[in-house]
Amino acid sequence: DPNRIFLAGVPYFACESGCSAYRSPDSGGTWSCIQPEDPFERFTQFAPHPGVSGLLLALGREGIYRSIDDGTTWTLVAANPEVPGQSERFPPRFLDLDWANDEIVYVASEGAGLYWSHDRGATWSPRVPYLGDAVARPWLTRLAVDRFHDERIFALARLDAGEPAVEVVLSTDGGLS
């Protein structure tokens, strides 16, 4: 529906109502809160499914959430990753997500590499399995999937925690390399 708009606040922003996530069914004419039940959770990004009305993914402080009713109810489908050897000061977390096609969606994680779902966001796994070397996991901050070639993924990468994104990286095989 081209009239649906979703708006997510920054992690620590909320208006007086305590809500940081909103939905408009009428191109911004009216707005309603679509915050999850946890009053401390804050959504930072929404990704509506490109073709299935009502299917919506969101990134929050705890991980990836999924809704099948336009944000009325939410299910946490993937908690932020845990990577042995990562600094507690910069724990891995999901930062950005993008649909590749009708079934596949990717998410960039800071400190745990690229994750993906091949079932419209219902289940998630690392795109490349964790091999025990925390240093080898990319620090991805943003990503964009080529709409015409769904295995072409561009991402902003960091060299280390706490550093700004310094490099644009490209995968032509859906994040396998």
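These numbers come from a predicted model, not from an experiment.
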Asker: Report the residues that fulfil side chain to side chain contact (heavy atoms under 4.5 Å, CB included) with A21, sequence neighbours left out, ordered by chain and then residue number.
Answerer: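 With sequence neighbours excluded, A21 shows a side chain to side chain contact (heavy atoms under 4.5 Å, CB included) to I34, Q35, F43, F46, given in chain and number order.
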Asker: Nearest 0.5 Å please: distance from the OG1 atom of T172 over to the CD atom of E151.
Answerer: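 The distance works out to 8.0 Å.
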Asker: Rounded to the nearest 0.5 Å, what separation is found between the SG atom of C33 and the CZ atom of R23?
Answerer: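 Those atoms lie 9.5 Å apart.
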Asker: Indicate whether the side chain of N80 and that of E62 have a donor and an acceptor atom separated by less than 3.5 Å.
Answerer: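 Side-chain D/A pair, N80 to E62: absent.
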Asker: May I ask you to decide whether D98 forms a salt bridge with R142, counting only side-chain N to carboxylate O separations under 4.0 Å?
Answerer: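 Salt bridge absent between D98 and R142.
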Asker: Rounded to the nearest 0.5 Å, what separates atom OG in S67 from atom CG in L56?
Answerer: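 One finds 5.5 Å between OG of S67 and CG of L56.
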Asker: Which heavy atom of L95 sits nearest to which heavy atom of E110, and what is that distance?
Answerer: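 Scanning both residues, the minimum pair turns out to be CD1-CB, 3.5 Å.
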Asker: Look at the side chain of S171 and the backbone N and O of S177, then say whether any donor-acceptor pair between them is shorter than 3.5 Å.
Answerer: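 Yes, the answer is positive, given that a donor and an acceptor are paired below the 3.5 Å cut-off.
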Asker: Just by distance, do the side chain of S117 and the backbone of V105 share a donor-acceptor pair under 3.5 Å?
Answerer: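 Side chain of S117 to backbone of V105: no pair is present.
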Asker: Are more than 12 heavy atoms, taken from residues, nucleotides or ligands other than I68, located less than 6.0 Å from that residue's CD1 atom?
Answerer: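 It does not: I68 CD1 has 12 such atoms or fewer within range.
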Asker: Return yes if some donor-acceptor pair links the side-chain N/O of T75 with the main-chain N/O of V77 below 3.5 Å, else return no.
Answerer: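 Checking the backbone N and O of V77 against the side chain of T75, no donor-acceptor pair under 3.5 Å is found.
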Asker: So do R93 and S109 actually touch side chain to side chain, heavy atoms under 4.5 Å?
Answerer: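 No, side chains not in contact.
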Asker: Which heavy atom of A100 sits nearest a heavy atom of Y106, and at what distance?
Answerer: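 Of all heavy-atom pairs spanning A100 and Y106, the closest is CB-CE1, 3.6 Å.
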Asker: Within the side chain of S24, is there an N or O that forms a donor-acceptor pair under 3.5 Å with the backbone of T30?
Answerer: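 Yes: the side chain of S24 pairs with the backbone of T30.
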Asker: Indicate yes or no for a side-chain donor-acceptor contact from H49 to the backbone of G51 under 3.5 Å, with no hydrogens or angles considered.
Answerer: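 Checked: pair present.
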Asker: I want to check something: taking the side chain as every heavy atom from C-beta on, are Y22 and S32 in contact at a cut-off of under 4.5 Å?
Answerer: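 In short, these two side chains do not touch, never coming nearer than 4.5 Å.
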Asker: From W116 CH2 over to I153 CD1, what is the distance, rounded to the nearest 0.5 angstrom?
Answerer: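 Reported value, rounded in 0.5 Å steps: 9.5 Å.
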Asker: So which atom in D96 and which in L59 form the shortest heavy-atom distance, rounded to 0.1 Å?
Answerer: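 D96 and L59 have their closest heavy atoms at N-CD1, 3.3 Å.
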Asker: Do the side chain of W99 and the main chain of P50 share a donor and acceptor less than 3.5 angstrom apart?
Answerer: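 Pair absent, no side-chain N/O of W99 close to backbone of P50.
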Asker: Locate the shortest heavy-atom distance separating T44 from A8; write the atom from each residue and the value.
Answerer: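 So the minimum-distance heavy-atom pair works out to C-CB, 3.6 Å.
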Asker: Run the side chain to side chain contact (heavy atoms under 4.5 Å, CB included) check on E41 and W74 step by step: do they pass?
Answerer: CA-CA 11 Å; E41 182 61 275; W74 294 97; over 6 Å; no
Asker: With sequence neighbours excluded, tell me which residues meet side-chain hydrogen bond (donor to acceptor under 3.5 Å, both in side chains) with S53.
Answerer: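 So S53 forms no side-chain hydrogen bond (donor to acceptor under 3.5 Å, both in side chains) with any residue.
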Asker: Please list, chain by chain and in numerical order, all residues satisfying salt bridge (charged side-chain N to carboxylate O under 4.0 Å, His left out) with D146, sequence neighbours excluded.
Answerer: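 With neighbours one apart ignored, the set is R152.
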Asker: Run the salt-bridge test on D102 and R120 with the 4.0 Å N-O cut-off and return the result as yes or no.
Answerer: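 Result for this pair is yes, salt bridge flagged.
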Asker: Check whether the side chains of N101 and D150 place a donor and an acceptor atom closer than 3.5 Å, and report yes or no.
Answerer: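 A pair is found: one side chain offers a donor N or O, the other an acceptor, under 3.5 Å apart.
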Asker: Hey, what do you get for NE2 (H118) to CD1 (I104), rounding to the nearest 0.5 Å?
Answerer: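 Rounded to the nearest 0.5 Å, the NE2-CD1 separation comes out at 8.5 Å.
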Asker: Answer yes if the ring centres of Y115 and F94 are under 6.0 angstrom apart, and no otherwise.
Answerer: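 Yes, the ring of Y115 comes within the 6.0 Å limit of the ring of F94, centre to centre.
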Asker: Compare every heavy atom of L140 with every heavy atom of A157, then report the nearest pair and how far apart it is.
Answerer: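 That would be CB-CD2, 4.1 Å.
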Asker: Indicate whether any N or O donor in one side chain lies under 3.5 Å from an N or O acceptor in the other, for D70 and T72.
Answerer: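 No, no side-chain donor-acceptor contact under 3.5 Å.
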Asker: Does the side chain of E167 come within less than 4.5 Å of L156's, by heavy atoms?
Answerer: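 L156 does not reach E167 side chain to side chain.
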Asker: Please name the pair of heavy atoms, one in V107 and one in L143, separated by the smallest distance, quoted to 0.1 Å.
Answerer: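 Reported closest heavy-atom pair: C-CD2, 3.6 Å.
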